[in-house]
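Here's the structure, in C-alpha cells; my notes come after.
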Amino acid sequence: MIVLGLETSCDETGVAVVEDGRIRSNLLSSQTDLHARFGGVVPELASRQHLISLNILLAQALDEAKVSFGDLDGIAVTIGPGLVGALLVGVAAAKSLACVLDVPMIGVNHLEGHVEAAFLERPELEPPVIALIVSGGHTMITALPEHGRFEILGSTIDDAAGEAFDKIARFIGLGFPGGPAIDKLAVGGNPAAYRFPRAMMNDDSYDFSYSGLKTAVIRWIRERNEAGEDIVAEDLAASFQEAIVDVQIAKTLRAAEERGIGTVIVVGGVAANSRLRARMSEEGTKRGLTIVTPSIALCTDNGAMIAAAGMRRLALGESTPFDVSANPNMALA
Ligand code: KG4
Ligand code: ZN
C-alpha cells in the first residue's frame, strides 16, 4: 500500500510518500524564518505559506518517491489538533486529491502521527507501550494498549514543554523556535549550576505544570540582572532544561513501572532534545525498560508520520468522509 501524507497543522508543511512502513520520500518546508521576527507562529502567515509550499512539495515528494498520482492507494492528512486555517489547507488538498484520484482519504490526529513515528522506524515494536508525547502544543503521558487506542494518564495543566522552551528562549534572546537553541547552548553548561522548581514532580499524578518554572526563571534572571550579577548563559540553559527533563523522566518511568509496561516511546518535537533522549535512555535502561526515540527528523512535525498513521487505519478499512472539517481542538481518543 502506498499512502501520501500531508501535514499542515502548524508552521511546517510536510509531504511524504510511505509504502508499507517504508519511507519513500519525506519532504518538509519549514516556515521558521517567516515567523522568527514575530517571535512565534503567526496563524494567517502560516496558512498562506502552506498554500504556496504544498503544491511544490507534492510534486517533489512524488518525484523523489518515484511514484505517480495513480500509484497512490490513499491520502492521509492531519485534521487536528492545530491552527484551524493551517489545517484547512491540508484538508482541502487531501479532499481534492482523494476525490480526483478516487482513493480513500483518512484524517489523522496529529498526536497519533507523532506516536506512529516511533513505530515507523521499528517494525518489530508492538504495543503495549507508554508514550511521552512532548511538543509545542502538548505534553502528555499515555498508555497505548493497542494501536489506535490511547489511555491518557496525565497531561500539562498549563504550558506545554515546547512552549516553555520557546518562551524562555525568547526571553533570553535566542530566537524562535527556542527548543533547539536551548538544547545547543546547554551542551556546554552545568545542569546543576542553578536550581529551578520541578512542579508536581513528586505528586501521585501524571500531570505536568511548566508555567511556574517559566515564571521562576524569568524572575530569577531579572533579580540577577538587577543585582548586577553575571549569569552563565550555558549554565542557565542547562539548568532550565534539566528542570523540564527531570519531571518528564520521573513521571514517564513511573508510569511504565506502575502499569507494568516494558517499553517507553518518547515522541513529538521536544523528543528531539538531546538531554531528554540521553537521560531517558540511560535511566530507563537501568530500570530494565526499552526506550524508543524516533530519529530527530521524525520527532518534529513531518508528513511521514501522518502517512504511516493513516496507512494503519486505511489497512483496517477505515476512511474519513469528505464532509469532515479540520478540528483545531481534536482530542486523542
Ligand atoms: O512537534 P512539533 O514539531 O510541533 C508541534 O506539534 O508543536 O514541536 C515543536 C516544539 C517547539 O516548541 C520546539 O521548540 C520544540 O518542539 N523542540 C525542541 C527541540 N527541537 C524542537 N525542544 C527542545 N529541544 C529540542 N532539541
Ligand atoms: Zn507536532
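Order of appearance sets the numbers: ligands from 1, and atoms from 1 within every ligand. Here, residue 1 is the first one in the sequence, and each next residue gets the next number.
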Atoms of ligand 1 under 4.0 Å from any heavy atom of Gly162, numbered from 1 in the order shown, are 12 (O)
I'd like to know whether ligand 1 has Arg275 as a neighbour, heavy-atom separation below 4.0 Å.
no
So that I know where these two stand, are Phe165 and Phe240 an aromatic pair - ring centroids less than 6.0 Å apart?
yes
Would you mind checking which non-hydrogen protein atom is closest to atom 24 (N) of ligand 1, with the distance to 0.1 Å?
Asn273 ND2, 3.0 Å
Below 4.0 angstrom from a heavy atom of Gly137, which ligand 1 atoms are there? Numbered from 1 as shown, please.
7 (O)
Does Lys167 come within less than 4.0 Å of Asp159, counting only side-chain N to carboxylate O?
yes
Check ion pair Arg48-Glu44 (N to O, under 4.0 angstrom)
yes
With respect to Leu51, which candidate in Thr13, Val89, Leu88, Thr8 satisfies the side chain to side chain contact (heavy atoms under 4.5 Å, CB included) definition?
Val89
Proximal atoms of ligand 1 relative to Thr300 (non-hydrogen, under 4.0 Å)
3 (O)
Output for pair (Phe119 CZ, His147 NE2), nearest 0.5 Å, gives 4.5 Å
Would you call Asp158 and Lys214 a salt bridge, taking side-chain N to carboxylate O under 4.0 Å as the test?
no
Out of all atoms in ligand 1, which are within 4.0 Å of some heavy atom of Val270? Include the element for each.
15 (C), 16 (O), 18 (C), 22 (N)
Metal-centred angle, NE2 of His114 through the Zn ion (ligand 2) to NE2 of His110, rounded to 10 degrees
90°
For atom 12 (O) of ligand 1, what's the nearest protein heavy atom and its distance?
Asp166 OD2, 2.8 Å
Residue of the set Glu112, Met330, Met305, Glu7 for which side chain to side chain contact (heavy atoms under 4.5 Å, CB included) holds with Thr78
Glu7
Counting only heavy atoms, which portion of His114 has something under 4.0 Å from ligand 1: side chain, backbone, both, or neither?
side chain
Part of His110 within contact of ligand 1 (heavy atoms, under 4.0 Å):
side chain
hydrophobic_cluster_shared for Leu213 and Ile172, side chain cutoff 4.5 Å
yes
Geometry only, no angles: is Pro177 polar-contacting ligand 1 at N/O separations under 3.5 Å?
no
Against ligand 1, does Lys184 come closer than 4.0 Å with any heavy atom?
no
Pick from Cys10, Ala169, Ala186, Gly269: the one approaching atom 21 (C) of ligand 1 most closely through a non-hydrogen atom
Gly269
Looking only at protein heavy atoms, identify the closest one to atom 26 (N) of ligand 1 and say how far it is in Å.
Asp183 OD2, 2.9 Å
Report the residues that fulfil salt bridge (charged side-chain N to carboxylate O under 4.0 Å, His left out) with Arg222, sequence neighbours left out, ordered by chain and then residue number.
none
Verdict with supporting geometry, Asp230 and Arg224, salt bridge (Lys or Arg N to Asp or Glu O under 4.0 Å)
CA-CA 7 Å; Asp230 284 342; Arg224 286 263 168 151; over 6 Å; no
With backbone taken as N, CA, C and O and side chain as the heavy atoms from C-beta onward, which portion of Asp301 lies under 4.0 Å from ligand 1: side chain, backbone, both, or neither?
both
The one among Gly136, Pro180, Gly178, Ala272 that brings a heavy atom closest to atom 9 (C) of ligand 1
Gly136
Shortest protein contact, atom 22 (N) of ligand 1 (heavy atom only):
Gly179 CA, 3.3 Å
What is the name of the N/O/S atom in Asp301 that sits closest to the Zn ion (ligand 2)?
OD1
Co-members of Ile157 in a cluster of I, L, V, M, F, W and Y side chains, linked at under 4.5 Å
Met200
